[in-house]
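Counting convention: from 1, in listed order, for ligands and their atoms alike. Keep in mind that the numbers below use all heavy atoms, side chains included, and drop hydrogens, waters and symmetry copies. Predicted model only: the values in this text are computed from it and were never measured.
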Amino acid sequence: MDIQKLAAHVVLLSSPGLGHLIPFIELGNHFALIHTHLKVTLLAVTSQTSEAETQILNSAMKTNLINIIQIPSPNIFHLIEYDAAPVTRLCVMMREAKPSIRKALSNMTLRPSLFIVDIFGTESLSIAKELRILNYVFVASHAKFLSLVIYTPVLDKQIEGQYVDQEEPLKIPGCNLVPPEDVVDPMLDRNSVQYEEYREVGNRILESDAILVNTWEELEHKHLQALRDEDLLGQILNKIPVHGIGPLVRQRVSETSEEFEPLLQWLDKQPNESVIYISFGSGGTISFEQMTELAWGLELSQQRFVWVVRAPTKVSADAAFFTTKYFNSGDNEVADYLPEGFLSRTNNIGTLIPEWAPQSSILRHRSVGGFLSHCGWNSTLESITNGVPMIAWPLYAEQRMNATLLVEDLGVAVRPKVLPTKKVVDREEIASMVREIMVVDENMKRNPIRGRVKKIRHSAEKALLKGGSSYAAMSRVVKTITSKS
Ligand SMILES: *[C@@H]1O[C@H](CO)[C@@H](O)[C@H](O)[C@H]1NC(C)=O
Ligand SMILES: *[C@@H]1O[C@H](CO)[C@@H](O)[C@H](O)[C@H]1NC(C)=O
Ligand SMILES: *[C@@H]1O[C@H](CO)[C@@H](O)[C@H](O)[C@H]1NC(C)=O
């Protein structure tokens with residue numbers, strides 16, 4: 001490419017881990033596609049030991065949309081406890097990588113016009129400031145999450161004692177009341193190093209020139225407005241613009257291999273919106289008791305399903321009666337953990353998949369009409385943009401706030417009355433939730449929650465098109481940098 005012709009250079013900084021790398025590749029592609037005269041470079045701090053990471057970097061390079069410069073993640077073993085929490089690990093790693101990041105930024109032949117970091121890279125904002133480069137923060141999650149992050153330093157001054165011990169819900173301007181048990185993982189223990197790191201992220205975001213969030217106006221109008229309103233969170237942000245530029249979802253790469261052909265063929269044979277897809281995300285597992293209830297619940301609901309089943313996390317003493325095989329052999333067949341006869345009884349209506357499934361292809365299949373999900377933002381966006389309502393099933397503290405957002409704020413999901421992390425959700429409740437999102441009301445001739453999700457899907461499509469809110473926000477950003485360089 002002719003450097004003279006390039007109007008501006010956007011540089012992105014991703015921290016280690018696929019969850020941080022992938023959103024930046026999406027963002028980089030998005031910039032490159034929206035404006036062909038932009039040069040986009042991703043500085044990726046990488047672990048260099050992960051095969052999945054290498055694969056993703058390679059396929060990103062093949063598209064020729066963005067340049068990638070890898071920065072090997074620095075050795076931090078001497079700086080942290082061996083059992084340091086993930087947030088601590090990432091923040092320390094990104095701090096130690098600063099000299100390399102600085103070097104990479106100042107050595108670029110085409111001077112960067114804009115530097116974008118995620119919440120773990122906020123310490124590098126100071127480098128950009130020093131080099132007089134415009135700098136933004138990209139929040140790959142939702143606006144409510146951003147609200148909580150920037151309000152944490154305020155809560156820190158206001159509230160005595162642990163957040164989780166508060167009698168009253170936490171009040172964050174512009175958000176529905178946040179139940180104390182809904183706070184994100186790093187806030188569970190205020191005496192931890194992880195909490196301090198997290199709180200400081202909230203302060204450092206305020207040094208940026210603007211914030212990009214993976215959401216859109218029509219989805220989170222209230223939260224975005226609160227971030228701009230001087231009487232609400234706008235006061236803290238002090239005129240730092242917040243742009244909703246989403247939904248950025250994974251590119252529709254063909255992820256299906258021959259292995260999954262039978263599954264897709266099975267889906268092809270099912271009626272429209274008749275199958276519920278069940279997956280707890282990569283690596284998510286549930287207990288043996290919960291797995292039993294889920295199996296019975298699915299059967300009781302009489303709905304078709306595709307279930308990504310993994311061996312349960314813990315098997316209690318009582319369970320030994322049912323699963324002698326589990327204890328006596330190394331056999332990992334998931335069938336061993338399921339109720340007696342479940343497989344034969346559900347043979348016609350269900351498909352089990354071990355370990356991993358081509359999620360995007362499943363969610364966008366016309367016969368899929370529901371998703372039981374662990375509420376990662378990623379999966380949520382995939383579900384919404386395919387018009388699929390959800391059962392919100394948070395597995396970790398991190399995901400509880402997402403569950404609340406989906407159920408109470410957006411109305412695109414239902415959820416169990418008890419927290420699945422605290423108690424087993426029983427089969428009757430599961431069956432009733434499944435029916436609530438899957439079954440079409442005879443009188444109304446529709447399913448109300450599905451209707452709502454479809455409306456939101458439509459708003460997402462519109463937001464990204466010319467004239468839409470997210471498109472306009474991206475254009476504003478591009479205009480800022482192209483007129484400056
Ligand atoms: C999104 O999901 C895919 C697969 O389920 C995973 O590889 C990726 O890391 C996720 N991205 C984020 C941002 O969590
Ligand atoms: C099923 O969905 C497809 C694609 O969305 C649509 O073309 C078709 O008309 C639908 N079939 C019925 C019976 O509604
Ligand atoms: C929501 O889900 C995203 C994606 O999995 C996760 O990174 C984030 O921490 C979650 N946010 C909250 C507030 O739970």
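Side-chain contact check for Phe305 versus Thr346: some heavy-atom pair is nearer than 4.5 Å.
Side-chain atoms of Asp426 come within 3.5 Å of backbone atoms of Glu428 as a donor-acceptor pair (strictly under, hydrogens ignored). With hydrogens and angles disregarded, no donor-acceptor distance shorter than 3.5 Å links the side chain of Glu218 to the backbone of Ala463. Counting only distance, with no hydrogens or angles, the side chain of Glu217 and the backbone of Ser470 share no donor-acceptor pair below 3.5 Å. Remark: side-chain polar atoms of Gln270 are paired, donor with acceptor, to backbone N or O of Trp266 under 3.5 angstrom.
Residues satisfying the side chain to side chain donor-acceptor pair (under 3.5 Å) test with Arg435, not counting sequence neighbours, are none.
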In a simple table, one pair per line, please give the protein and ligand 2 atom names for every N or O pair closer than 3.5 Å, along with the distance.
unit_1, atom_1, unit_2, atom_2, d
ligand 2, 2 (O), Asn272, OD1, 3.2
ligand 2, 2 (O), Asn272, ND2, 2.3
ligand 2, 11 (N), Asn272, ND2, 2.9
ligand 2, 14 (O), Asn272, ND2, 3.4

